[in-house]
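Please read the structure below before turning to the comments.
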Amino acid sequence: MVAVVATYAPHNPEQVKRVGAAIELIHLASLVHDDLLDGASTRRSRPALYRVCGSTPAVLAGDYLFASAFDLLSNAPQDILKKVTRAIRAMCEGEIAELLQSDCSEAGYYRRVEKKTAVLMAAACASGAILAGMDQPRIAILETLGHHMGIAFQIADDLLDLEADPAITGKDAWQDIRRGVVTLPLIHFLSTAPPGPPWLEKLAAGTISHEEAGVLLASLREAGSLEYARQQAARHVSLALQALEQLPPSRARDTLARMAADIATPA
Ligand code: FPP
Ligand code: MG
């Protein structure tokens, strides 16, 4: 995203590579730590790093990637440093909110995913815009684009957790149900469901068996909760595309529009 946005205007390609690589390393470090926090077994079709080398080395490996990112950012403009460090702080807040699960409302879900996922995409787009020398209103437009792409991506990722084949996603299925993470389809279901099993209590207790998870998934489908989440992801894709329309037509805009359109429909 940094690289595509930067092509809007003349830029220093070396600087763009360094900032893009730094943001990718931060993303990678966050996944190394996330898998440990989530107790995940698989990432990108391979064992999660902490499963291979143990928890302490994996924490240090994540820290190492994180430090390497800041090495790459050491000569970046101050505005980029500010946005990226604030994004990391927000990511930690988002992960803590997810661990606490204290707010199971739809607004609480959006606050969480904004922090854990969307802020880094927004920072990536804003960084590309800064490197292309854009003015403040255009930087803000690109930040909005990254924000909506991030929300759409996380809703799609949460749907994949429920529906997708682990052989395709390369990670465990039903991680959220197992860990009691209440994502958008579950929030919709819990607010509309007819009387039935006390799902929220079961989720909170982390006591849902494999069979019960199957029943819950069928109920989500029947209640239209999966479809509702898909519509919300599509709404954020539309908002991302609306933001893009405020920019003049260009190849970069076409590429970003394709990326936004694809983000909620992973292959
Ligand atoms: C994946 O979510 C995780 C994130 C989007 C953010 C993780 C952030 C941290 C661990 C804090 C920041 C840490 C550093 C080092 C920058 P998910 O569990 O919903 O997705 P998944 O299904 O791919 O695991
Ligand atoms: Mg995870």
Side-chain angles (χ1 to χ4, degrees), residues 1-34 43-44 49 61-91 114 116-154 157 236-237 239-267:
M1 287 168 115
V2 175
V4 176
V5 172
T7 59
Y8 257 104
H11 55 269
N12 174 343
E14 269 316 300
Q15 187 70 283
V16 169
K17 270 191 222 160
R18 290 169 78 86
V19 172
I23 292 182
E24 184 62 30
L25 289 177
I26 291 163
H27 171 58
L28 198 57
S30 78
L31 294 182
V32 169
H33 285 181
D34 177 70
R43 171 70 65 184
R44 296 177 184 168
L49 189 61
D63 292 345
Y64 185 92
L65 292 168
F66 194 50
S68 306
F70 276 88
D71 187 28
L72 286 167
L73 287 174
S74 55
N75 294 322
Q78 273 292 319
D79 283 355
I80 291 183
L81 269 172
K82 247 190 222 162
K83 284 191 190 291
V84 172
T85 46
R86 284 176 186 172
I88 294 163
R89 200 165 62 187
M91 287 164 79
E114 151 72 6
K116 80 168 198 181
T117 307
V119 279
L120 190 64
M121 290 206 195
C125 290
S127 298
I130 292 167
L131 293 172
M134 289 188 180
D135 59 15
Q136 202 49 53
R138 287 198 173 175
I139 295 171
I141 290 170
L142 283 150
E143 213 157 15
T144 303
L145 167 80
H147 162 86
H148 288 298
M149 284 176 76
I151 303 274
F153 176 82
Q154 190 60 53
D157 190 65
H236 283 280
V237 168
L239 291 167
L241 295 172
Q242 270 175 39
L244 264 182
E245 274 165 23
Q246 297 173 60
L247 296 173
S250 69
R251 272 183 68 183
R253 195 177 84 163
D254 294 345
T255 307
L256 289 167
R258 270 201 307 280
M259 287 168 79
D262 287 349
I263 204 156
T265 49

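Values in this document were obtained by computation on a predicted structure and should not be read as measured data. Residue numbers run from 1 in the order of the sequence given.
The line from OG of Ser30 to CD1 of Ile88 is 9.0 Å long, rounded to the nearest 0.5 Å. Rounding to the nearest 0.5 angstrom, the gap separating the CG atom in Leu81 from the CG atom in Asn75 is 9.5 Å. Atom CD of Gln78 is separated from atom CD1 of Ile130 by 11.0 Å, given to the nearest 0.5 angstrom. Rounding to the nearest 0.5 Å places CG of Leu239 at 10.0 Å from CD1 of Ile151.
The heavy-atom pair separating Arg18 from Leu72 by the smallest distance is NE-O, 3.6 Å. Contact between Ala61 and Leu49 at its shortest, heavy atoms only, is CB-CD2, 3.8 Å. Nearest heavy atoms, Ala6 versus Val16: CB-CG2, 3.7 Å. Scanning both residues, Ala123 and Ala87, for their nearest heavy atoms gives CB-CB, 4.1 Å. Considering all non-hydrogen atoms of both residues, Ala69 and Ile26 come closest at CB-CG1, 3.6 Å. Here the shortest heavy-atom pairing between Val2 and Ala124 reads CG2-O, 3.5 Å.
The side-chain contact (heavy atoms from CB on, under 4.5 Å) check on Asn12 picks up Glu14, Gln15, with sequence neighbours excluded. With sequence neighbours left out, the side-chain contact (heavy atoms from CB on, under 4.5 Å) criterion links Thr85 to Phe70. Applying the side-chain contact (heavy atoms from CB on, under 4.5 Å) criterion to Ala257, with sequence neighbours excluded, gives Leu241, Leu244.
Here the side chains of Val84 and Ile80 are in contact, with some heavy-atom distance below 4.5 Å. Here the side chains of Val4 and Met259 are in contact, with some heavy-atom distance below 4.5 Å. Contact check for Thr117 versus Phe153: side-chain heavy atoms found under the 4.5 Å cut-off.
Under 4.0 Å is where a charged nitrogen must lie from a carboxylate oxygen, and between Asp34 and Lys116 no such pair does.
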Got a list of side-chain donor-acceptor pairs under 3.5 Å for residues 141-150, not counting sequence neighbours?
| unit_1 | atom_1 | unit_2 | atom_2 | d |
| --- | --- | --- | --- | --- |
| Glu143 | OE2 | Lys83 | NZ | 3.1 |
| Thr144 | OG1 | Ala140 | O | 2.9 |
| His147 | ND1 | Glu114 | OE1 | 2.5 |
| His148 | ND1 | His236 | ND1 | 3.0 |

Item to complete: Kindly determine whether Arg44 and Leu31 satisfy side-chain contact (heavy atoms from CB on, under 4.5 Å), including the steps that lead there.
Response: CA-CA 11 Å; Arg44 296 177 184 168; Leu31 294 182; 3.6 Å; yes
Discussion item. Does His33 form a side-chain contact (heavy atoms from CB on, under 4.5 Å) with Asp63? I'd like the steps, not just the answer.
Written reply: CA-CA 9 Å; His33 285 181; Asp63 292 345; 3.2 Å; yes
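Contacts classified as side chain to side chain donor-acceptor pair (under 3.5 Å) and involving residues 240-255 (residues at least two apart or in different chains) are not found. Sorted pairs that involve residues 2-27 and meet ring pair (Phe, Tyr, Trp, His ring centres under 6.0 Å), not counting sequence neighbours, are lacking altogether.
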